Participant: 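After the structure tokens below, expect a handful of questions from me.
These figures come from a predicted structure and were not determined experimentally. Atom set for the values below is all heavy atoms of this structure, side chains included, hydrogens, waters and symmetry mates excluded.
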Amino acid sequence: MGIPGNARNRYPEPPTSNDFRFTTNRGNLYATGLLPPADRKGGFEARLTTFKKGRADLQHVSLLDGAKRVEFMQTEEALICIVPALDAEVAGLPYTLKLEGSMSGFEA
């Protein structure tokens, strides 16, 4: 049956490893990567351009899969997260990062 098209019978593009969706809960921000990179042995790098240096002051990033700490750095181009290896059962599924810090660089 597949994915239904819209009124013009166009279908959404398949997700890539660069696609993220965001949500908040209890003052925390969560970024869900829709597809981990295909080459992810021993972990992978996630780049979130929305949170580049100057747009947010992040203090902690963690992976919801077991609350694993994620190493990260903010550059002029993006927030770069070094995501540890995902558990084998969920390695090809979307993953979620919890971002903690100040998001004062965003307008309401």
Side-chain angles (χ1 to χ4, degrees):
M1 189 163 172
I3 299 174
N6 62 17
R8 295 184 185 145
N9 209 23
R10 292 189 179 155
Y11 298 91
E13 294 293 323
T16 70
S17 60
N18 295 324
D19 291 325
F20 289 88
R21 299 296 181 264
F22 303 96
T23 191
T24 59
N25 186 18
R26 296 183 183 154
N28 295 309
L29 178 68
Y30 298 89
T32 299
L34 298 184
L35 186 68
D39 183 23
R40 59 185 175 272
K41 293 179 184 174
F44 58 91
E45 185 178 280
R47 300 175 59 87
L48 292 88
T49 56
T50 306
F51 299 98
K52 63 185 177 182
K53 189 181 264 186
R55 302 237 18 228
D57 181 23
L58 297 175
Q59 305 300 317
H60 301 282
V61 177
S62 56
L63 179 67
L64 288 191
D65 179 23
K68 297 174 185 171
R69 184 182 175 104
V70 173
E71 298 295 323
F72 70 96
M73 67 179 136
Q74 286 179 279
T75 68
E76 300 297 327
E77 293 82 35
L79 166 66
I80 301 170
C81 299
I82 309 303
V83 180
L86 301 174
D87 292 339
E89 302 84 33
V90 297
L93 299 175
Y95 61 96
T96 302
L97 300 171
K98 180 179 180 181
L99 309 175
E100 299 175 81
S102 170
M103 307 298 164
S104 61
F106 290 92
E107 294 181 23

Participant: In the single-linkage hydrophobic clustering (I, L, V, M, F, W, Y; side-chain heavy atoms under 4.5 Å), do L35 and L48 co-cluster?
Facilitator: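 No, separate clusters.
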Participant: Taking only residues two or more places apart in sequence, or in another chain, which ones meet N18 in a side-chain contact (heavy atoms from CB on, under 4.5 Å)?
Facilitator: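 N18: side-chain contact (heavy atoms from CB on, under 4.5 Å) contacts with T16.
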Participant: Run the ring-ring contact (aromatic ring centres under 6.0 Å, His included) test against Y95 and tell me which residues pass, sequence neighbours left out.
Facilitator: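 Partners of Y95 by the ring-ring contact (aromatic ring centres under 6.0 Å, His included) criterion, ordered by chain and then number, come out as F44.
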Participant: For F22, give me all partners under ring-ring contact (aromatic ring centres under 6.0 Å, His included), at least two apart in sequence or on another chain.
Facilitator: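 By the ring-ring contact (aromatic ring centres under 6.0 Å, His included) rule, F22 matches F51.
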Participant: Distance-only, no hydrogens or angles: does the K68 side chain make a donor-acceptor pair with backbone N or O of A85 under 3.5 Å?
Facilitator: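 Yes.
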Participant: Within the 4.5 Å heavy-atom criterion, are V83 and L97 side-chain neighbours or not?
Facilitator: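 Yes - at least one pair of side-chain heavy atoms lies under 4.5 Å apart.
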Participant: To the nearest 0.5 Å, what is the distance between SG on C81 and CD on Q74?
Facilitator: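 Here the interatomic distance stands at 9.0 Å.
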Participant: Could you give the distance from CG (L58) to CE (M73), rounded to the nearest 0.5 Å?
Facilitator: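 Taking CG in L58 and CE in M73, the distance rounds to 13.5 Å.
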Participant: With sequence neighbours left out, write down each residue that passes side-chain contact (heavy atoms from CB on, under 4.5 Å) with E77, or none if nothing qualifies.
Facilitator: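 Partners of E77 under the side-chain contact (heavy atoms from CB on, under 4.5 Å) test: R47, T75.
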Participant: Mind listing the closest non-hydrogen atom pair of N28 and E100 along with its distance?
Facilitator: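 Nearest pair, atom of N28 first, then E100: OD1-CG, 4.0 Å.
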Participant: Who passes side chain to side chain donor-acceptor pair (under 3.5 Å) against E76, sequence neighbours left out?
Facilitator: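 So E76 forms no side chain to side chain donor-acceptor pair (under 3.5 Å) with any residue.
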Participant: Please list, chain by chain and in numerical order, all residues satisfying side-chain contact (heavy atoms from CB on, under 4.5 Å) with T49, sequence neighbours excluded.
Facilitator: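 With sequence neighbours excluded, T49 shows a side-chain contact (heavy atoms from CB on, under 4.5 Å) to A78, given in chain and number order.
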Participant: Do you know which two heavy atoms are closest between P36 and S17, and how far apart they sit?
Facilitator: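 Closest approach of P36 to S17, heavy atoms only: C-CB, 4.2 Å.
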Participant: Under 4.5 Å between side-chain heavy atoms, chaining through other members, with only Ile, Leu, Val, Met, Phe, Trp and Tyr counted: pull out the rest of the cluster around L34, sorted by chain and number.
Facilitator: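 Once heavy-atom contacts under 4.5 Å are chained together, L34 still belongs with nothing else.
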Participant: For L63 and L86, which heavy atoms make the closest approach, and how far apart are they?
Facilitator: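 Heavy atoms only, the tightest pair is CD2-CD2, 3.5 Å.
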Participant: If you take all heavy atoms of L79 and L99, which pair is closest and at what distance?
Facilitator: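 Smallest heavy-atom distance, with atoms named: CD2-CD2, 4.1 Å.
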Participant: Do V61 and I80 land in one hydrophobic cluster if side-chain heavy atoms of ILVMFWY residues count as linked below 4.5 Å?
Facilitator: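 No, no single cluster joins them.
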Participant: Identify, with sequence neighbours excluded, every residue that meets side-chain contact (heavy atoms from CB on, under 4.5 Å) alongside L64.
Facilitator: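 Partners of L64 by the side-chain contact (heavy atoms from CB on, under 4.5 Å) criterion, ordered by chain and then number, come out as Y30, T96, K98.
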